[in-house]
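These figures come from a predicted structure and were not determined experimentally. In what follows, chains carry the letters A, B, and so on, assigned in the order in which the sequence lines appear, proteins first and then strands, with residues in each chain numbered from 1.
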Amino acid sequence: MYRTHTCGELTLKNKDITTTLCGWVQRIRDKGGMIWIDLRDRYGITQLVFEEGKCELALIEMVKKLGREFVIQVTGTVIERFSKNPNMPTGEIEIQVRTLNILNQSETPPFTIEDNSDGGEELRMKYRYLDLRRNPVKKALELRHKIAAETRKYLDSIDFIEIETPYLIKSTPEGARDFVVPSRMNVGEFYALPQSPQTFKQLLMVAGYDRYFQIVRCFRDEDLRADRQPEFTQIDCEMSFVEQDDILKTFEGLIVHLFKEVKNVDIAEMPRMKYADAMRFYGSDKPDIRFGMKFVELNDVAKGMNFKVFDDAELVVGICVPGYSEYTRKQIDELTEFVKRPQVGATGLVFAKINLDGSIKSSVDKFYDTAALQKWVDAFGAKSGDLLLILAGAKEKTQKALSELRLEMGNRLGYRNNNVFAPLWVIDFPLLEWDEETNRFYAKHHPFTAPKPEHISLLETDPGSVYANAYDMVINGVEVGGGSIRIYDRLLQQKMFRILGFSDEEAENQFGFLMNAFRFGAPPHGGIAFGFDRLSSLFGGSESIRDYIAFPKNNSGRDVMIDSPSKIADEQLKELSISLTTLPK
RNA sequence: GGUUCGGUAGUUCAGUUUGGUUAGAAUACAUGCCUGUCACGCAUGGGGUCGCGGGUUCGAGCCCCGUCCGGACCGCCA
């Protein structure tokens, strides 16, 4: 037996017992006649003590050979510390070591294995197995495990069944770019890795498994972000014989359960906001509702005063920042620079300060007198001491830019507290989205989403105004999940593919298996998928999902530890009947 | 595909604005001292292809061009 206890469990209750521990040398404090070692394992840290005169000289000599991250086994007596450390669970005891066994040596690690490591991102990824020894990363993975475990517990308790679906499937052109896998046995043909198990879970509904879920890896060959990895995990769910409201209630239940069990946070309410309102009041389909500063449209009160920027704009819209009329010229200039960055894309920023004495100072005083400005103030319901920030231009672009500005102000004002959680449903999404470049409609959610029944007749006449029974769950401005009621009628699905520009042949070729299944008694159904990595990072209070994934990929989709992707041998290519050529750009 | 920031000791960074003697700090590492430390302390020491290639110059870590690598973001992500 290697050990009798872990490094996290011994306390004064275990005083005087003999124990054997295994772990890594976290730190050595050599005080001359006395040496302490912090011994670390997954469960915590226990202090070892070696004291001249109280242990054999040979033992001291051996201790002097130890270095950071050596793996050792020690046997000794649990004793009460002379000077205790109240900051650690095992801080009242230490182990007076009798025997030391070096299980393995370690080179000096390239960075410190501490909560605040001196290692940079890339180095820590290259030696991820060392990074994973660090407490914050371990905590993140424990949190992730807890969420997975509680998800399974909750869904199991309400009769959901976890079923695995295949990873080697068929490529489809819609949506994200597929990762493809060549087939050796079928020359010239490729599998694709699933972007989601969408069609399979629908087939499970046809098969009668009316409550399915799966914590499942998904793959999308698109550029990465701090919150986007090419392979990521979803909590994928589908139910039969349900309407939208049944699904919202069921998965509100899941989220409430997770917050309670994992974070001990009570979610009081889960508001439902129409997509149109989300865009109108927050300029985003994933609003952060931890704070106000809702958009106020100013077209009526701002236009027609010979200020060309506003007169020419499709939309004049602003936010009221409470209590910030004291913002200096320099700070406002910073905000102007912020909105003018290409990523935000506004051309300028108009402000109005409502001073404490009631006077109003704006950047457009030349065009707007006090009475005109007062109309703005009334529109916002602003008070003395408030600051109005206003953008103008094309509708969508301006909404997006003001949304960025609102979030920036939320950050500056400290409204975006990681320990406050404000979930909501965004509902009533448009079914379709017009794409100017390709001159066709795309499915806003996916092509299996059902139009609202009362809008089906509009599909022929005015597809752009059709709404869907689709919904997203948004928490703190992060889209953590989304789903829809699906089409289960073969002819409606066929019509949908036609609207999306599929020929009947293409639809048959790519989704014939699903359309065929709909011939054999498909029940009404719908579902949702949650981004498990995002949910984990959100619970952990981090913007990046990378620390919640044991072995993540970097910005370029590379794993710098195993150095993948990589070239493969000519023999492998030959076996796959693949020859590589460099295509002209 | 684009924008932007960065690459200097094992590591994290300063030094680049204004080119000029031997490139610094902290930390890590090594050695010595220290019997209650817990980010122990003190002393000493070793440690550099300034990402790579080219150019300008009497002279380049610093300026210019190219290139590679990394971070954040836009496009993209049904």
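- Atom C1' of A9(B) sits at a distance of 25 Å from the matching atom of U17(B), rounded to the whole Å.
- Between E404(A) and G175(A), the residue anchored nearer the 5' end of RNA chain B, judged by the nucleotide with its closest heavy atom, is E404(A).
- In this entry the distance linking CG of D131(A) with C1' of U11(B) reads 14 Å, nearest Å.
- Put simply, the side chain of Y471(A) reaches to within 4.5 Å of the side chain of Q244(A), judged on heavy atoms.
- Annotation: A14(B) and G61(B) have their C1' atoms spaced 12 Å apart (nearest Å).
- Look at the C1' atom in both G71(B) and C29(B): the space between them is 28 Å, to the nearest Å.
- The separation of A25(B) from G47(B), taken at their C1' atoms, amounts to 15 Å, rounded to a whole angstrom.
- Rounding to whole angstrom units, NZ of residue K444(A) and P of C76(B) are separated by 11 Å.
- Phosphate proximity of G70(B) to N554(A): present, with a side-chain N or O under 4.0 Å from OP1 or OP2.
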Short N/O separations, protein against nucleotides 42-44 of chain B, under 3.5 angstrom:
none

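- Using C1' as the reference atom, U16(B) and G6(B) are 13 Å apart when rounded to the nearest Å.
- Between R558(A) and A176(A), the one whose closest nucleotide on RNA chain B sits nearer the 5' end is R558(A).
- Protein atom CG of L48(A) is 17 Å distant from nucleotide atom P of U37(B), rounded to whole Å.
- At a cut-off of 3.5 angstrom, counting only N and O atoms as typed in the model, there is no donor on one side facing an acceptor on the other between the side-chain of R220(A) and the base of C77(B).
- Comparing the P positions of G1(B) and C76(B) gives a spacing of 15 Å, expressed to the nearest Å.
- S536(A) and D533(A) share no side-chain donor-acceptor pair at under 3.5 Å.
- Base pairing of G75(B) is not made with any nucleotide, judged by Watson-Crick or G-U wobble geometry with both donor-acceptor distances under 3.5 Å.
- Defined by atom type and a distance below 3.5 Å, a donor-acceptor pair is missing between the side-chain atoms of T336(A) and D333(A).
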Would you check, one step at a time, whether the test side-chain contact (heavy atoms from CB on, under 4.5 Å) holds for R133(A) with E69(A)? CA-CA 10 Å; R133(A) 290 180 185 170; E69(A) 301 305 315; 2.9 Å; yes
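- Among the heavy atoms of the strands lying under 4.0 Å from S196(A) is at least one base atom, whether or not backbone atoms are also near.
- In this structure, Y548(A) has its ring center no closer than 6.0 Å to that of F532(A).
- When only modelled atom types and interatomic distance are considered, S484(A) and R486(A) share a side-chain donor-acceptor pair under 3.5 Å.
- For the C1' atoms, the distance from C58(B) to G19(B) is 12 Å, rounded to whole Å.
- By the 4.5 Å heavy-atom criterion applied to side chains, T99(A) and V74(A) are not counted as neighbours.
- Searching all strands for a Watson-Crick or G-U wobble partner of G6(B) with both distances below 3.5 Å returns C69(B).
- Considering only the side chain of S556(A), G71(B) comes nearest among C76(B), U27(B), G71(B).
- The NZ atom of K340(A) sits 18 Å away from the C1' atom of C74(B) (whole-angstrom rounding).
- When only modelled atom types and interatomic distance are considered, Q198(A) and Q202(A) share a side-chain donor-acceptor pair under 3.5 Å.
- In summary, the aromatic rings of F511(A) and F448(A) are positioned with their centroids under 6.0 Å apart.
- R27(A) has no side-chain polar atom (N or O) that falls below the 4.0 Å cut-off from OP1 or OP2 of U37(B).
- As judged by a 4.0 angstrom heavy-atom cut-off over every strand, I35(A) is placed among residues making no nucleic acid contact.
- Atom CG in L123(A) sits roughly 12 Å away from atom P in A9(B) (whole-Å rounding).
- Note: CG (D115(A)) to P (C38(B)) measures 17 Å, nearest angstrom.
- A donor-acceptor pair is defined here as one N or O able to donate and one able to accept, closer than 3.5 Å; such a pair exists between the side chain of Q399(A) and the backbone of M279(A).
- Phosphate proximity of A39(B) to R29(A): absent, as no side-chain N or O sits under 4.0 Å from OP1 or OP2.
- The side chain of E122(A) lies closest to G70(B) when the candidates are G75(B), G70(B), C38(B).
- The partner of C33(B) is G41(B), judged by Watson-Crick or G-U wobble contacts that both fall below 3.5 Å.
- A straight line from CD of E114(A) to P of A28(B) spans 9 Å, rounded to a whole angstrom.
- Of the side-chain N and O atoms in R68(A), one or more sit less than 4.0 angstrom from OP1 or OP2 of C29(B).
- More than 12 heavy atoms of other residues, nucleotides or ligands sit less than 6.0 Å from atom CZ of R98(A).
- U12(B) and C74(B): their P atoms are spaced 26 Å apart (whole Å).
- Searching all strands for a Watson-Crick or G-U wobble partner of A25(B) with both distances below 3.5 Å returns U12(B).
- Residues Q234(A) and S196(A) bring no donor and acceptor atom of their side chains to less than 3.5 Å of each other.
- For the residue pair S564(A) and D559(A), no side-chain donor N or O sits within less than 3.5 Å of a side-chain acceptor on the partner.
- The phosphate of G71(B) (OP1 or OP2) has no side-chain N or O of K553(A) nearer than 4.0 angstrom.
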Below 3.5 Å is the cut-off: list the nitrogen or oxygen pairs between protein and nucleotides 30-36 of chain B, distance only.
| unit_1 | atom_1 | unit_2 | atom_2 | d |
| --- | --- | --- | --- | --- |
| C34(B) | N3 | D30(A) | O | 3.2 |
| C34(B) | N3 | G32(A) | N | 3.4 |
| C34(B) | N4 | D30(A) | O | 3.2 |
| C34(B) | N4 | D30(A) | OD1 | 3.4 |
| C34(B) | N4 | G32(A) | N | 3.3 |
| U35(B) | OP2 | G33(A) | N | 3.2 |
| U35(B) | O2 | E51(A) | OE2 | 2.9 |
| U35(B) | O4 | E52(A) | O | 3.1 |
| G36(B) | O2' | S83(A) | OG | 3.2 |
| G36(B) | N1 | E94(A) | OE2 | 2.9 |
| G36(B) | N2 | E94(A) | OE1 | 3.1 |
| G36(B) | N2 | E94(A) | OE2 | 2.9 |

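- Here R546(A) lies in heavy-atom contact (under 4.0 Å) with sugar-phosphate atoms only.
- Residue N555(A) places at least one side-chain N or O under 4.0 Å from the OP1 or OP2 atom of A72(B).
- Nucleic acid contact for P447(A): base, since at least one base atom lies under 4.0 Å from a heavy atom of the residue.
- Put simply, NZ on K126(A) is 13 Å from P on G10(B), counting in whole angstrom units.
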